[in-house]
A.B. asks: 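The structure under discussion is supplied below as structure tokens; questions concerning it will follow.
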Amino acid sequence: MEIPILGEEEKWEMMREIFVLNKQVDIGFIMQMGMEKMSEYTEMTAQQYADMLRAQGKDDAIGFAMNEAIVRKNLMGSDVEVDGNHGEATLNLKRDGFLMTAINLIKKGLLPMSKEEFQHGCIEGYFKPRAEKLDLELDVEYTDKGYRIKISKSKT
């Protein structure tokens with residue numbers, strides 16, 4: 001039997017669905033152990049990410065934004081723009097592939113949360129903890145299809 005070769009958009013959608021569903025199962029399982037374990041998990045993954053960006057010399061505002069943009073555009077098919085400099089950058093996820101996939105999974109009844117809960121979780125559980133490990137702060141604007149995230153050096 002011949003195995004089909006998928007087009008780029010089909011590959012992205014398949015990868016996003018697998019990633020989103022697996023990540024939600026992981027988070028749900030950890031949360032069953034309690035909020036302390038969820039906090040430990042968030043802390044550990046944020047530290048690992050920050051260490052990786054430091055090792056790559058991408059631990060400032062533009063490095064953080066570009067790293068996210070490259071991954072989301074090339075691996076997940078997001079429509080994304082970045083602008084700024086080392087001290088302040090904007091990551092504009094005009095159409096975030098993860099969010100679009102989550103919305104589709106919610107409509108199918110496969111993801112037991114709202115779009116707003118998913119967005120909040122992405123910012124509070126992913127972006128903010130990682131930024132904080134790099135002494136960066138975020139100002140987030142939620143949109144229908146993504147986020148506009150201003151990244152700057154922490155003032156504290």
Side-chain angles (χ1 to χ4, degrees), residues 7-28 30-31 38-107 110-111 113-156:
E8 195 167 44
E9 185 58 43
E10 291 172 298
K11 289 178 193 177
W12 286 335
E13 185 62 24
M14 182 181 283
M15 188 63 207
R16 288 188 306 249
E17 283 184 355
I18 291 167
F19 182 86
V20 169
L21 289 172
N22 283 340
K23 185 56 71 180
Q24 292 307 310
V25 167
D26 294 348
I27 289 170
I30 294 165
M31 287 183 76
M38 190 65 225
S39 294
E40 287 178 34
Y41 172 79
T42 299
E43 174 79 15
M44 180 184 69
T45 57
Q47 188 63 57
Q48 183 181 37
Y49 183 88
D51 292 345
M52 177 192 73
L53 287 188
R54 278 191 196 95
Q56 295 173 354
K58 298 176 182 176
D59 57 337
D60 57 11
I62 197 71
F64 183 91
M66 283 300 293
N67 189 70
E68 286 298 325
I70 290 167
V71 168
R72 288 165 187 273
K73 179 177 183 170
N74 291 288
L75 300 181
M76 301 300 168
S78 296
D79 182 7
V80 60
E81 292 178 345
V82 171
D83 116 79
N85 55 53
H86 295 290
E88 184 176 290
T90 300
L91 172 62
N92 186 4
L93 289 157
K94 299 188 303 183
R95 188 187 60 77
D96 182 39
F98 287 127
L99 178 60
M100 297 295 95
T101 297
I103 291 168
N104 288 335
L105 292 170
I106 291 165
K107 287 178 183 173
L110 297 172
L111 196 58
M113 63 177 50
S114 69
K115 171 190 160 225
E116 293 75 19
E117 288 170 323
F118 184 85
Q119 283 182 298
H120 179 77
C122 287
I123 296 300
E124 297 300 322
Y126 179 84
F127 281 106
K128 281 189 178 179
R130 285 158 172 74
E132 288 169 1
K133 291 289 181 190
L134 296 167
D135 293 322
L136 298 171
E137 57 186 40
L138 307 180
D139 180 27
V140 180
E141 175 188 339
Y142 293 88
T143 66
D144 287 341
K145 295 182 179 180
Y147 318 86
R148 184 172 167 81
I149 306 170
K150 182 178 162 188
I151 305 154
S152 56
K153 188 73 178 156
S154 181
K155 293 172 182 81
T156 57

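Along the sequence shown, residues carry numbers from 1.
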A.B. asks: Let me confirm one number: the CZ-CG distance from R148 to L91, rounded to the nearest 0.5 Å.
C.D. replies: 10.0 Å
A.B. asks: OG/S78 to NZ/K94 distance, rounded to the nearest 0.5 angstrom?
C.D. replies: 11.5 Å
A.B. asks: Using side-chain heavy atoms (C-beta onward) and a distance below 4.5 Å, is N67 in contact with Y49?
C.D. replies: yes
A.B. asks: Determine, for E9 against R16, whether the closest basic-nitrogen to carboxylate-oxygen distance falls under 4.0 angstrom.
C.D. replies: yes
A.B. asks: Once rounded to the nearest 0.5 Å, what's the spacing between atom CD1 of I18 and atom CE of M14?
C.D. replies: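 I18 atom CD1 to M14 atom CE measures 6.0 Å (nearest 0.5 Å).
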A.B. asks: Just checking Q48: does its CD atom have more than 12 heavy atoms from other residues, nucleotides or ligands closer to it than 6.0 angstrom?
C.D. replies: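 Counting neighbours around CD of Q48, 12 or fewer heavy atoms of other residues, nucleotides or ligands fall under 6.0 Å, so no.
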A.B. asks: H120 and Y142: which non-hydrogen atoms are nearest, and at how many Å?
C.D. replies: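 Minimum heavy-atom contact is CA-OH, 3.9 Å.
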A.B. asks: Are K133 and E43 ion-paired here, with the side-chain N under 4.0 Å from a carboxylate O?
C.D. replies: yes
A.B. asks: Do D26 and Y41 get their side chains close enough for a donor-acceptor pair, meaning under 3.5 Å?
C.D. replies: no
A.B. asks: May I have the step-by-step check of side-chain contact (heavy atoms from CB on, under 4.5 Å) for N92 and T143, ending in yes or no?
C.D. replies: CA-CA 10 Å; N92 186 4; T143 66; 5.9 Å; no
A.B. asks: List the atom of L110, the atom of L21, and the distance in Å for their closest heavy-atom pair.
C.D. replies: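 Scanning both residues completely, I find the closest heavy atoms to be O-CD2, 3.7 Å.
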A.B. asks: Work out which heavy atom in L136 is nearest to a heavy atom in I151; give both atom names and the distance.
C.D. replies: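 Taking L136 first and I151 second, the nearest heavy atoms are CD1-CG2, 3.9 Å.
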A.B. asks: With a sphere of 6.0 Å drawn around NZ of K73, does it hold more than 12 non-hydrogen atoms of other residues, nucleotides or ligands?
C.D. replies: no
A.B. asks: Check whether any side-chain heavy atom of R130 sits under 4.5 Å from a side-chain heavy atom of L53, and report yes or no.
C.D. replies: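 Sidechains of L53 and R130: no contact.
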A.B. asks: In Å, rounded to the nearest 0.5 Å, how long is the span from CD of E132 to CZ of F127?
C.D. replies: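 Going from the CD atom of E132 to the CZ atom of F127 covers 13.5 Å.
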A.B. asks: Within the structure provided, determine whether E13 and N104 are in side-chain contact (heavy-atom separation under 4.5 Å).
C.D. replies: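 In contact.
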A.B. asks: Going by heavy atoms in the side chains, are Y126 and K23 under 4.5 Å from each other?
C.D. replies: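 Sidechains of K23 and Y126: no contact.
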A.B. asks: Can you name the one residue among R95, M100, K145 that meets side-chain contact (heavy atoms from CB on, under 4.5 Å) with D79?
C.D. replies: R95
A.B. asks: So which heavy atom on F98 is nearest to which on M76, and how close?
C.D. replies: CZ-CG, 3.6 Å
A.B. asks: Return the minimal non-hydrogen interatomic distance between R72 and L93, and the atom names on each side.
C.D. replies: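 Nearest pair, atom of R72 first, then L93: CD-CD2, 3.6 Å.
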A.B. asks: Using a 4.5 Å cut-off on heavy atoms from C-beta on, say whether the side chain of K153 contacts that of D60.
C.D. replies: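 Not in contact.
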A.B. asks: Any chance you could measure I123, atom CD1, to L138, atom CG, to the nearest 0.5 Å?
C.D. replies: 7.0 Å
A.B. asks: For the CE atom on M113, are there more than 12 heavy atoms of other groups (residues, nucleotides or ligands in this structure) within a distance under 6.0 Å?
C.D. replies: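 Above 12, so yes.
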